[in-house]
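Written out below as structure tokens is the structure these notes cover.
First the proteins, then the strands, lettered A, B, ... as listed; each starts at 1. If you're wondering where the values come from, they're calculated on a predicted model, not measured in any experiment.
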Amino acid sequence: MPELPEVEVTRRSFADAIRGATVHSASLGKPLRWPLGPEPGVLAGRRVLAVRRRGKYLLLDLDEGLLLIHLGMSGSLRFAPTLPERGVHDHFELQTDRGLLRLHDPRRFGAVVWAADEADPRARKLLGGLGAEPLGEDFDFDAFHAGLRASRMPIKQLLLGGKVVVGVGNIYASEVLFLARIRPTAPASGIGPQRARRLHAAIREVLARAVERGGSTLRDFASTDGNAGHFQLEANVYGRAGLPCKVCGAPVRLLRQGQRSTYFCAACQRP
DNA sequence: CAGTGGGCCTGAGTGC
DNA sequence: TGCACTCAGGCCCACT
């Protein structure tokens, strides 16, 4: 579910409030994608120093160790002084002196993983292969273009892979390629400097705009305060198969790439 | 080596 | 109403 903008919106919604909090206790529900590692009891007494984001992972820095939180396809976090009674899909809770942090994740593709530090193999396994942060300083055009040239994968699948740039999920991949006027099936290595420039800019533009809009709410995304996002209201192609392209009026087309839906305009987006 | 497809889960929606 | 089926925002890993 959540792509980079949703994760960033989530982070911003509770980072300040939880900073400095002391953990009283932690508890697990049903198994998530990966085990926490140690017993949840080791979190008792820890202080939360900061909440950072790397790709679609949230990093809770503790005074000893850190927690890597991934929302998977259906995960969401709430943080508040008190929350309603715990439900069957609430699979992780961190009780602190500033409130309760709760992970709600019906499909359980998400995870909460403890690591001693970022060099810990447990953290490196998850963060090690990640590409550039699209909204950060390190999203360098030359490196990006070199990443494209090195792969013959269809550009949409390369973007989803997260090795070149992180955070572009299935919704935003379609939107970004529409804005850059590039066909999703185009081999990455064949994208010239001109089009690569447009793509590089489109990634920043679409993701930054989605963050401003509070993310997308397709099914059940909500930030930790429970509010919905609004970006999907301005999607140009995602979820609009058969409807007229907002630019040229041609019907938006739908195709499958690697078991995922891709939306595009055949008139606006050249192969 | 790069690239593909299976699988992890549950819930919502559709068609019969 | 019930059942069978498809699909959904991610990502690791076994395989070709």
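In this structure A/Arg86 satisfies the side-chain contact (heavy atoms from CB on, under 4.5 Å) test together with A/Ser27, A/Asp90, A/Glu93, A/Arg102, sequence neighbours excluded. Every residue two or more places apart in sequence or in another chain was checked for a side-chain hydrogen bond (donor to acceptor under 3.5 Å, both in side chains) with A/Lys56, and none qualifies. In this structure A/Asp61 satisfies the salt bridge (charged side-chain N to carboxylate O under 4.0 Å, His left out) test together with A/Arg52, sequence neighbours excluded. Listed by chain and residue number, A/Glu133 satisfy the salt bridge (charged side-chain N to carboxylate O under 4.0 Å, His left out) test with A/Arg54 (two or more places apart in sequence, or in another chain).
Between A/Tyr172 atom OH and C/dG10 atom C1' the separation is 14 Å, expressed in whole Å. Atom pair A/Leu207:CG and C/dG9:P shows a separation of 16 Å (rounding to whole Å applied). Between the NE2 atom of A/His70 and the P atom of B/dC9 there is a distance of 17 Å, given to the nearest Å. Nucleotide C/dC12 holds its C1' atom 7 Å from the CH2 atom of A/Trp34, rounded to whole Å. Atoms CG (A/Asp105) and P (C/dA8) sit 18 Å apart, rounded to a whole Å. Atom C1' of nucleotide C/dG10 and atom CG of A/Leu68 are separated by 16 Å, given to the nearest angstrom. A/Lys56 places its NZ atom 10 Å from the P atom of C/dC12, with the value rounded to the nearest Å. What separates CG of A/Leu71 from C1' of C/dG9 is a distance of 11 Å, to the nearest Å.
Atom-to-atom distance recorded for A/Ile171:CD1 and A/Glu3:CD is 5.0 Å, nearest 0.5 angstrom.
Side-chain contact check for A/Arg256 and A/Ser261: at least one donor-acceptor pair (N or O, by modelled atom type) lies under 3.5 Å. With 3.5 Å as the limit, one finds no donor-acceptor pair spanning the side chains of A/Arg204 and A/His200.
Taking 4.0 angstrom as the limit, A/Lys30 places a side-chain polar atom (N or O) nearer than this to OP1 or OP2 of B/dT10. For A/Arg260 and C/dG10, the shortest distance from a side-chain N or O to OP1 or OP2 is below 4.0 Å. Residue A/His89 places none of its side-chain N or O atoms closer than 4.0 Å to OP1 or OP2 of B/dC9. Taking side-chain N and O atoms only, A/Arg107 has no distance below 4.0 Å to OP1 or OP2 of C/dA8. Applying the 4.0 Å criterion to OP1 and OP2 of C/dA8, one finds that A/Arg256 has a side-chain N or O inside that range. Taking side-chain N and O atoms only, A/Ser74 has no distance below 4.0 Å to OP1 or OP2 of B/dC9. Within the 4.0 Å cut-off from OP1 or OP2 of C/dG9, at least one side-chain nitrogen or oxygen of A/Tyr238 is found.
Stem analysis of DNA chain C (Watson-Crick or G-U pairs, both distances under 3.5 Å, runs of at least three) returns B:2-8 with C:10-16, B:10-16 with C:2-8.
Rounded to whole Å, the separation between the P atoms of C/dA14 and B/dC9 comes to 16 Å. Atom name P, nucleotides B/dG6 and C/dT6: the rounded distance is 14 Å, in whole Å. Comparing the same atom, P, in B/dG5 and in C/dC7 gives a spacing of 16 Å after rounding to whole Å.
For CZ of A/Arg19, the number of neighbouring non-hydrogen atoms (other residues, nucleotides, ligands) closer than 6.0 Å is greater than 12.
The one candidate from A/Trp34, A/Phe109, A/Tyr57 that meets the ring pair (Phe, Tyr, Trp, His ring centres under 6.0 Å) condition with A/His70 is A/Tyr57.
Residues A/Phe264 and A/Phe178 place their aromatic rings such that the two centres sit no closer than 6.0 Å.
With centres under 5.5 Å and a plane angle under 30° as the test, the ring of A/Phe109 is not stacked against the base of C/dC11.
In terms of position on DNA chain B, the residue among A/Gln157 and A/Arg33 whose nearest nucleotide sits closer to the 5' end is A/Gln157.
Near-neighbour residues of DNA chain B inside residues 114-135 of chain A, defined by a heavy atom below 4.0 Å, are absent.
Using a 4.0 Å heavy-atom cutoff across all strands shown, A/Gly258 reaches no nucleic acid atom at all.
Minimum interatomic distance between A/Pro134 and A/Leu4 (heavy atoms only, all atoms of both residues): CG-CD1, 3.8 Å.
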